[in-house]
Structures are given as structure tokens and as C-alpha cells.
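Quick notes on the structure that follows.
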Amino acid sequence: MIPIHFASQLPAALTPDFMMRFEPTSFMFWLEMFGIFACSVSGTVLAKHHKFDMFGCILVAMITAISGPTARDIILDRYPLFWMVNMNYLVIITVTSIGFQMFCNPKARHVEPLLKLFDGLALAIFTLIGIQVAQEMGANIPICILMGVLNILFGGVIRDMLCNEIPLVLQREIYITAAIVGGVVYFAMQGLGITNWVTEATTMLIIFVIRMLAVHYDWRFPDISLVKRPQV
């Protein structure tokens, strides 16, 4: 009987070197689409909570989803702008916004947790995408991390201002810090030669977990003011 090597008969996905060879070509595309979806949800939910009409909610969703990447591309001199050549972005934003307007109750207790959840997902995904885009354009590491932060920061700030709220990132919440930590981890893992998709997944997971833990345990930066405010 001819011996059969079990490992050689395994499907490609189960072979020992799978972890080193797995490079899904469409991973980043679908990741970006989900990031756009998450930003659209957070923008729509907040706008609906403030009683915007249908087109107002769609506008806020669009601004939330594309403002950051647009600012990133302008700074990096990366043209044409992504949403001007690919209508999938605007279609996803519009459909998502209309769908959530139809089925989301702005007075329900789950609205705020839902907003925080999708905000955290968008933070993780868009930070990674911003870093990678800047890296492709030849930027150095600090600028790449800065572009990762800007990729999600800009849209969130404009969204909150349109909805007459203090921008989340200007408060003492752990938000930008999560993105910066994720960026440092990304480049540290790259420097160690770890497979790209493992590095990407780990970066997003760390950013998301830090943000969700900060929300759950109400982590905030301490007030560094040396002058105490008078008690009213």
C-alpha cells in the first residue's frame, strides 16, 4: 500500500502554511464598504435622534462617512476622490440611511449603545484604512498614524457639530488614543514581519476593544488643570 501524507491531502485552507499565505484580494474593499456602512449608521442614528428629516439624515450620513477620507486624500494629493469615481459609496450611504430611518426608533434605549458600537467599528476600520493609504503614498510613520486618525476624526467632528453636539473627540473620552495605539501596534507588527492580514485584524481588534472598554467603564482622561473650579 502506498503511504499517503495526510498534510498533502488537506484543503489549502487547512495546510500548516495557511497563516502565512492567506491574502484575500477583496478583504480591504469589503472592509472599506463596512466602514462606510458603520459611519452611515452612526450619522443617521444621531441625526434621527435630533429629529432631522429624511434628506437631512442622508446628508449627515454622507458627511460622516466621506468627510474624513476626502480630507485625507486632499492632504495626500490623492486624486480623483474615491467617491467621485465609484458610486457604490454614495449608494451604500443612501440605502443604509433610509433603512435605518425607517426602522430605528430615536427614543429607544438601545439608540445610544448602537451609536457607540458603530462609532467604534468605524473608528477601527477607518483608522487602518487611513494608515494604509498614507503608507501607499509614501508617508512616514507619524504622518501615516495622523492620517489614520484624520480618516475617522474629521467626519465625526462635522457630524456632531451639525447635530448641535460637542464633538466627541474634543471631550475627555478615550477615542483618538485608541486610534494612535492601534497605529503603533500596526507598525510594530509590520516591523516584526508578521503577515499583513494578521497585522490588520489585530490592529482593528485592539482599537475596537480599547474604545468599547472606554465606553463600558467610562474611562476618561483626568483634568490637568491646576486651578480648581469654584463650587456652585
Side-chain angles (χ1 to χ4, degrees), residues 19 27-28 30-46 64-69 71-72 109-135 139-161 163 165-225:
M19 291 287 287
F27 176 69
M28 291 308 298
W30 290 111
L31 190 64
E32 187 173 26
M33 289 296 112
F34 188 78
I36 292 290
F37 169 79
C39 284
S40 302
V41 171
S42 68
T44 300
V45 169
L46 188 59
T64 306
I66 67 175
S67 291
R72 172 205 69 201
R109 286 184 295 178
H110 67 268
V111 167
E112 187 173 352
L114 184 69
L115 179 63
K116 300 278 188 183
L117 173 64
F118 279 96
D119 210 37
L121 289 170
L123 174 66
I125 294 170
F126 272 32
T127 299
L128 174 64
I129 292 173
I131 288 172
Q132 292 190 326
V133 168
Q135 200 173 22
N140 57 35
I141 291 177
I143 297 301
C144 287
I145 296 176
L146 178 62
M147 289 299 105
V149 173
L150 179 65
N151 204 41
I152 183 63
L153 178 69
F154 202 70
V157 169
I158 297 180
R159 175 200 67 195
D160 292 345
M161 291 175 66
C163 295
E165 298 227 346
I166 299 174
L168 187 66
V169 298
L170 300 182
Q171 302 177 47
R172 291 187 294 161
E173 294 201 25
I174 306 297
Y175 192 87
I176 294 178
T177 305
I180 293 174
V181 170
V184 171
V185 169
Y186 175 84
F187 285 105
M189 294 182 71
Q190 258 197 353
L192 294 172
I194 298 174
T195 310
N196 287 342
W197 76 271
V198 176
T199 299
E200 293 162 359
T202 303
T203 299
M204 289 187 294
L205 182 62
I206 287 174
I207 294 172
F208 180 72
V209 168
I210 290 175
R211 177 59 188 152
M212 289 298 99
L213 287 174
V215 169
H216 183 74
Y217 292 106
D218 197 27
W219 291 347
R220 296 174 182 271
F221 283 110
D223 187 354
I224 63 172
S225 176

### Query
Looking at side-chain heavy atoms only, is the closest gap between Lys116 and Arg211 below 4.5 Å?
yes
### Message
Does Val133 form a side-chain contact (heavy atoms from CB on, under 4.5 Å) with Glu32? I'd like the steps, not just the answer.
### Response
CA-CA 12 Å; Val133 168; Glu32 187 173 26; over 6 Å; no
### Query
So which heavy atom on Ala124 is nearest to which on Ile207, and how close?
CA-CG2, 3.7 Å
### Message
Would you compute the distance between atom CE of Met204 and atom CD1 of Ile129 and round it to the nearest 0.5 angstrom?
### Response
8.5 Å
### Query
Is there side-chain contact between Arg72 and Phe154, with at least one heavy-atom pair below 4.5 Å?
no
### Message
Would you say that Val45 contacts Phe118 through its side chain, given a criterion of any heavy-atom pair below 4.5 Å between the two side chains?
### Response
no
## Note on the structure
CG of Leu114 to CG of Asp119, rounded to nearest 0.5 Å, is 10.5 Å
### Query
Looking only at heavy atoms, which two atoms of Ala179 and Thr127 are closest? And how far apart?
CB-OG1, 3.6 Å
### Task
State the CG-CD distance between Asn196 and Gln132, to the nearest 0.5 angstrom.
7.5 Å
### Query
Out of Ile152, Ile176, Ile210, which one pairs with Leu123 under the side chain to side chain contact (heavy atoms under 4.5 Å, CB included) rule?
Ile152
#### Entry: Beyond-backbone contact of Gln190 with Tyr186, side-chain heavy atoms, under 4.5 angstrom
yes
### Task
Decide yes or no on side-chain contact (heavy atoms from CB on, under 4.5 Å) for Phe34 and Leu121, but give the supporting numbers first.
CA-CA 9 Å; Phe34 188 78; Leu121 289 170; 3.9 Å; yes
### Query
Is atom CD1 of Ile166 surrounded by more than 12 heavy atoms (other residues, nucleotides or ligands) closer than 6.0 Å?
no
### Query
Under 4.5 Å between any side-chain heavy atoms of Tyr175 and Val215, yes or no?
no
### Query
Given side chains that start at C-beta, do those of Leu128 and Leu31 come closer than 4.5 Å, heavy atoms only?
yes
### Task
Before giving the answer on side-chain contact (heavy atoms from CB on, under 4.5 Å), spell out for Asp160 and Leu46 the whole-Å C-alpha distance, their side-chain angles and the decisive distance to 0.1 Å.
CA-CA 8 Å; Asp160 292 345; Leu46 188 59; 3.4 Å; yes
### Closest non-hydrogen atom pair between Leu115 and Ser42, with its separation
CD1-O, 3.2 Å
#### Entry: Minimum heavy-atom distance between Pro167 and Met161, given as atom pair plus value
CG-CG, 3.9 Å
### Query
Which atom names give the shortest non-hydrogen contact between Gly35 and Ala122, and what distance separates them?
O-CB, 4.5 Å
### Query
So Trp219 and Tyr217, would you call those rings parallel, tilted or perpendicular, with 30° and 60° as cut-offs?
parallel
## Note on the structure
Sorted by chain and residue number, the side chain to side chain contact (heavy atoms under 4.5 Å, CB included) partners of Ile141 (sequence neighbours excluded) come out as Ile145, Phe187
### Query
Could you state the interatomic distance from CD (Glu200) to CD1 (Ile194), rounded to the nearest 0.5 Å?
12.5 Å
### Message
Return the CG to OG distance between Leu153 and Ser67, rounded to the nearest 0.5 Å.
### Response
11.0 Å
### Summary
Output for pair (Leu213 CG, His216 NE2), nearest 0.5 Å, gives 8.0 Å
## Note on the structure
Between Asn151 and Gly130 the two heavy atoms that sit nearest each other are ND2-N, 3.4 Å
